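The structure displayed is predicted, hence computed values, not measured ones. A note on names: the letters A, B, ... follow the listed sequences, proteins ahead of strands, and every chain is numbered from 1.
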Amino acid sequence: MTASSPLPSYVPILVLGAIAAGFAILTILFSHLIGRPRSTPAKSATYECGMPPVGTAHARFPVKFYLVCVIFILFDVDAAFLYPWALVFRELGIFGLIEMALFVCILGGGFAYAWKTGALDW
Amino acid sequence: MTALTWPQELAIRSALALTVVAFLLGLFSVMTYIERRLLAFMQFRLGPNRTGPLGLFQPVADGIKLFFKEEFVPQAANRWAFIAAPAVAITTALMAVAVIPYGGAVTMPRFDLLPEWLRGRPIPLQIAHLDVGVLYLFAVSTLGVYGIVLAGWSANNKWSLIGALRSSAQMFSYELALGLSWVGPILLAESLRIEDIVACQAGGIHRWNAIIQLPAFMIYLFAATAEVGRLPFDLPEAEAELVAGFHTEYASMKFALLQMAEYVNMITVSVLATDFFLGGWHAPLVSLQSAAGVNLGLLWFGGKTGALLFLFIWLRGTLPRLRYDQLMRFGWKVLVPAAVMHILGTAAVILWLTR
């Protein structure tokens, strides 16, 4: 039934997205209408455990987070590459296994370098 | 049976999408009650028991309270990003459920109220049948980071920012292990459609991926717990160090939406574990699949998902929180290499068996 479906398979996802977004927007609007804000300077100050806030939060933060993201992208591409490989693996046979082992070894080299230089230590 | 025209198909899918969203949000409010109750029992307390019989109306009371709470945007916050963040979080969380099958096909009853084309028609309980279902999941689950980072950054609060950064780094790190743990089931099913992966596990408990792909299942459970930020991996909102993490500044319904997104994610990973590893709606023994001619698939599916949800609550009631360096070390130095090795091992075994 699904193979001959007259509807493109991604259209229901758009419908779901519209429902989800609509729900979120309606909820926020509704609570905005019935929960009236009564703002005072002390109330609308940034919360810092009761102390007057010092400076802004948009300051510098450790470069580690950036490093993790870069390494993540590297391996995310690896994972995205593994999916189609897994799909046709039985057709590729031993060739596929060796190819993937080589690919993982190359990535593993980069991984070992990141490990050795301490990019993975917090 | 005649084929459906596209408006009929669209009507069925839309109705299904609405039902799933309503069901998930209902389950969210029930889960908040069950979680508080179970945690209380684990800690020799009573938990919420005043609102209605056994405190069952507690979620309703909470919902009403949150709606009437004061709407609040801090002075220093980036106003529009601050308001948009919870909407982004809940939208991306709900988008992920689109490609998940919830059971086999359900045959519509032959009521006279239903239009002619709907009577007796089997409806597969899945919103969208994508050929690249797993890839879609992989993509959408990464989008979940946006809501959290936006929430943490826009609040212009140090706790929020640190919580959001921690959360994004944690989600990125475990996302990888999560995605890699799916490759084993894909190798076995030779399909990126989740319904095919479920179908591949039919025929009894010895065919379930939780048995024949046990390491992948364990990697998935660790990664999923970290991915949804539950104890012992709830570093993003470690209340002892970060007040409440990325939702420190949130109140009212915007807070509720963030909370909702978190629970929807938790339900999603439980449903996914059921589909990928626990045989979906298939019974552990073929003889238990139906009783008195009625297919019990939905019951099995719900039972497995419920057991996994209970596991999440149980973990929260039992385990202490990890340190952040332990968390990152475990994700990168244990889970990711183990997942890659397991994939190569699975591939080698498949080759050896089909030689």
Residue [X] versus chain A: region with a heavy atom under 4.5 Å:
| X | result |
| --- | --- |
| Leu25(B) | side chain |
| Thr142(B) | side chain |
| Ile83(B) | both |
| Val21(B) | side chain |
| Ser252(B) | side chain |
| Ile350(B) | side chain |
| Phe67(B) | both |
| Pro337(B) | side chain |
| Lys333(B) | both |

Name the option with the most non-hydrogen atom pairs under 4.5 Å to chain B; the candidates are Pro84(A), Ala80(A), Ala86(A), Ala18(A).
Ala86(A)

As an exercise, state the distance from [atom1] of [X] to [atom2] of [Y], rounded to the nearest 0.5 Å.
| X | Y | atom1 | atom2 | answer |
| --- | --- | --- | --- | --- |
| Phe138(B) | Leu82(A) | CZ | CG | 9.5 Å |
| Glu70(B) | His32(A) | CD | NE2 | 11.5 Å |
| Ser31(A) | Leu66(B) | OG | CG | 9.0 Å |
| Thr27(A) | Met260(B) | OG1 | CE | 6.5 Å |
| Ile34(A) | Met253(B) | CD1 | CE | 9.0 Å |
| Met100(A) | Ile343(B) | CE | CD1 | 8.5 Å |

I need the minimum non-hydrogen distance between [X] and [Y], along with the two atoms involved.
| X | Y | answer |
| --- | --- | --- |
| Ala24(A) | Leu257(B) | O-CD1, 4.0 Å |
| Ala128(B) | Ser9(A) | CB-O, 3.6 Å |
| Leu16(A) | Ala98(B) | CD2-CB, 3.5 Å |
| Ala21(A) | Thr91(B) | CA-OG1, 3.8 Å |
| Met95(B) | Gly17(A) | SD-CA, 3.2 Å |
| Leu180(B) | Ala79(A) | CD2-CB, 3.9 Å |

Which residues pass the side chain to side chain donor-acceptor pair (under 3.5 Å) test with Ser173(B), not counting sequence neighbours?
Trp332(B)

Would Asp76(A) and Phe172(B) count as a side chain to side chain contact (heavy atoms under 4.5 Å, CB included) here? Give the steps.
CA-CA 9 Å; Asp76(A) 205 35; Phe172(B) 281 149; over 6 Å; no

Among [options], which residue has the highest count of heavy-atom pairs closer than 4.5 Å to chain A?
| options | result |
| --- | --- |
| Ser14(B), Ala155(B), Pro86(B) | Ser14(B) |
| Ile90(B), Thr354(B), Leu130(B), Leu161(B) | Leu130(B) |
| Ile186(B), Val183(B), Leu165(B), Asp325(B) | Leu165(B) |
| Thr92(B), Leu94(B), Thr346(B), Val88(B) | Leu94(B) |

Given that the side chain runs from C-beta out, which part of Ile19(A) has a heavy atom under 4.5 Å from chain B: side chain, backbone, both or neither?
side chain

For atom CZ of Arg90(A), is the number of surrounding heavy atoms from other residues, nucleotides or ligands below 6.0 Å larger than 12?
yes

Expected contact set for residues 64-74 of chain A against chain B at heavy-atom separation under 4.5 Å reads Phe65(A), Val68(A), Cys69(A), Ile71(A), Phe72(A)

Which residue pairs satisfy the ring-ring contact (aromatic ring centres under 6.0 Å, His included) criterion with at least one member in residues 94-113 of chain A, sequence neighbours excluded?
Phe75(A)-Phe111(A), Phe81(A)-Phe103(A), Phe111(A)-Trp115(A)

So, Tyr83(A) side chain and Gly179(B) main chain: donor-acceptor pair closer than 3.5 Å or not?
yes

Suppose we screen for side-chain contact (heavy atoms from CB on, under 4.5 Å). Which residues come up paired with Leu351(B), at least two apart in sequence or across chains?
Phe89(A), Ile94(A), Leu97(A)

